[in-house]
Amino acid sequence: MSLSITLTINGVRRSVELDDPRVTLLDLLRERLDLTGTKKGCDRGQCGACTVIVDGRRINSCLALAISHDGADILTIEGLAQGGRLHPVQAAFIAHDGLQCGFCTPGQIMSAIGLIEEGQTGSDPERVRGAMSGNLCRCGAYRGITEAVLEAQRTLDGASRKEVA
């Protein structure tokens, strides 16, 4: 039995046939759509390496059935940079050395974007660390990650203030 779903992924509308209703959003992205930036870490929703933004909210894609997101708008790490210009969160991660091996970085960046869009960052590093606690980094780049999130939030706030003016 084949099921058809439609997703908007990184701004592109895609129709996908699913042979199995149990396929996760993570497996669909990686194995069927070749969007391998989203990482498969624990496959249990505990590490955050698979974080993507679905309809404006960050989720662990390893826990989400693809079929349950029919019609959804999905943003993955591949959809961030525009041309050769990095997203402000990506640039901040580089500037603050918020990565080492890089495996968790796509999930960290997507979670940071979700956190900023949710208005949950504030200016307190402890608040950022708590809100990002679902994303694990085996290398221990947490200080750089926290600094990157705070800088990106300031940059994005400044950009939105300029747009309003």
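Both backbone and side-chain heavy atoms feed into the values below; hydrogens, waters and symmetry mates do not. Counting from 1, the numbers follow the sequence of the chain as shown.
For Arg32, there are no side-chain hydrogen bond (donor to acceptor under 3.5 Å, both in side chains) partners two or more places apart in sequence or in a different chain. For Lys39, there are no side-chain hydrogen bond (donor to acceptor under 3.5 Å, both in side chains) partners, not counting sequence neighbours. Among residues two or more places apart in sequence or in another chain, the side chain to side chain contact (heavy atoms under 4.5 Å, CB included) test is passed with Cys50 by Leu26, Thr38, Asn60, Ser61, Cys62. A search for side chain to side chain contact (heavy atoms under 4.5 Å, CB included) contacts involving Arg44 returns Cys42, Gln46, not counting sequence neighbours. Applying the side-chain hydrogen bond (donor to acceptor under 3.5 Å, both in side chains) test to Asn135 and every residue at least two apart in sequence or in another chain returns Thr51, Ser111. With sequence neighbours excluded, the residues satisfying side-chain hydrogen bond (donor to acceptor under 3.5 Å, both in side chains) with Ser2 are Glu17. When the salt bridge (Lys or Arg N to Asp or Glu O under 4.0 Å) test is applied to Glu118, the partners found at least two apart in sequence or on another chain are Arg58.
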Report the C-alpha distance between Leu28 and Leu18 in whole Å, list the side-chain angles of each, state the deciding distance to 0.1 Å, and finish with yes or no for side-chain contact (heavy atoms from CB on, under 4.5 Å). CA-CA 9 Å; Leu28 177 69; Leu18 299 175; 4.0 Å; yes
Assess the residue pair Asp70 and Thr6 against the criterion (side-chain contact (heavy atoms from CB on, under 4.5 Å)); give the C-alpha distance rounded to whole Å, side-chain angles, the decisive distance to 0.1 Å, and a yes or no. CA-CA 6 Å; Asp70 187 21; Thr6 303; 4.1 Å; yes
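Contact detail for Gly45 and Leu63: the closest heavy-atom pair is CA-CD1, 3.6 Å. Residue Ala131 comes nearest to Leu115 through the heavy atom pair CB-CD1, 3.2 Å, listed as atom of the first residue, atom of the second, then distance. Closest of all the heavy-atom pairs between Pro21 and Leu3 is CB-CD1, 3.8 Å. Taking both residues in full, the closest heavy atoms of Gly102 and Pro106 are given as O-CD, 3.5 Å, listed atom of the first, atom of the second, then distance. Across all their heavy atoms, Ala49 and Phe103 have their closest contact at CB-CE2, 4.0 Å. Of all the heavy atoms in Lys40 and Arg30, the pair that sits closest is N-CD, 4.2 Å.
Distance check: Thr105 OG1 to Gln100 CD gives 9.5 Å after rounding to the nearest 0.5 Å. Separation of atoms CD1 (Ile9) and CG (Leu33) is listed at 5.0 Å; rounding is to 0.5 Å. Distance check: Cys137 SG to Leu99 CG gives 8.5 Å after rounding to the nearest 0.5 Å. Taken from OG1 in Thr121 to CZ in Arg154, the straight-line distance is 9.5 Å, to the nearest 0.5 Å. Rounding to the nearest 0.5 Å places NE2 of His69 at 4.0 Å from CD1 of Ile59. Rounded to the nearest 0.5 Å, atoms CG (Leu156) and CD (Glu151) are 10.0 Å apart.
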Using distance only, find each side-chain donor-acceptor pair of residues 72-80 under 3.5 Å and give its atom names and separation, not counting sequence neighbours.
from  : atom 1 : to    : atom 2 : distance (Å)
Thr76 : OG1    : Asn10 : OD1    : 3.4
Thr76 : OG1    : Asn10 : ND2    : 2.8
Thr76 : OG1    : Glu78 : N      : 3.4
Thr76 : OG1    : Glu78 : OE1    : 2.7
Glu78 : OE2    : Thr36 : N      : 3.3
Glu78 : OE2    : Gly37 : N      : 2.6

Sequence neighbours left out, cut at 3.5 Å: what donor-acceptor pairs do the side chains of residues 84-93 make with other protein atoms?
from  : atom 1 : to    : atom 2 : distance (Å)
His87 : ND1    : Val89 : N      : 3.0
Gln90 : OE1    : His87 : N      : 2.9

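Cluster annotation: Leu150 and Ile94 are assigned to distinct hydrophobic clusters (Ile/Leu/Val/Met/Phe/Trp/Tyr, side-chain heavy-atom contacts under 4.5 Å, transitive).
Among residues at least two apart or in separate chains, there is no salt bridge (Lys or Arg N to Asp or Glu O under 4.0 Å) pair with a member in residues 99-114. Identified under the salt bridge (Lys or Arg N to Asp or Glu O under 4.0 Å) test for residues 93-112, with sequence neighbours left out: none. Residue pairs satisfying the salt bridge (Lys or Arg N to Asp or Glu O under 4.0 Å) criterion with at least one member in residues 120-138, sequence neighbours excluded, are listed as follows: Glu126-Arg129.
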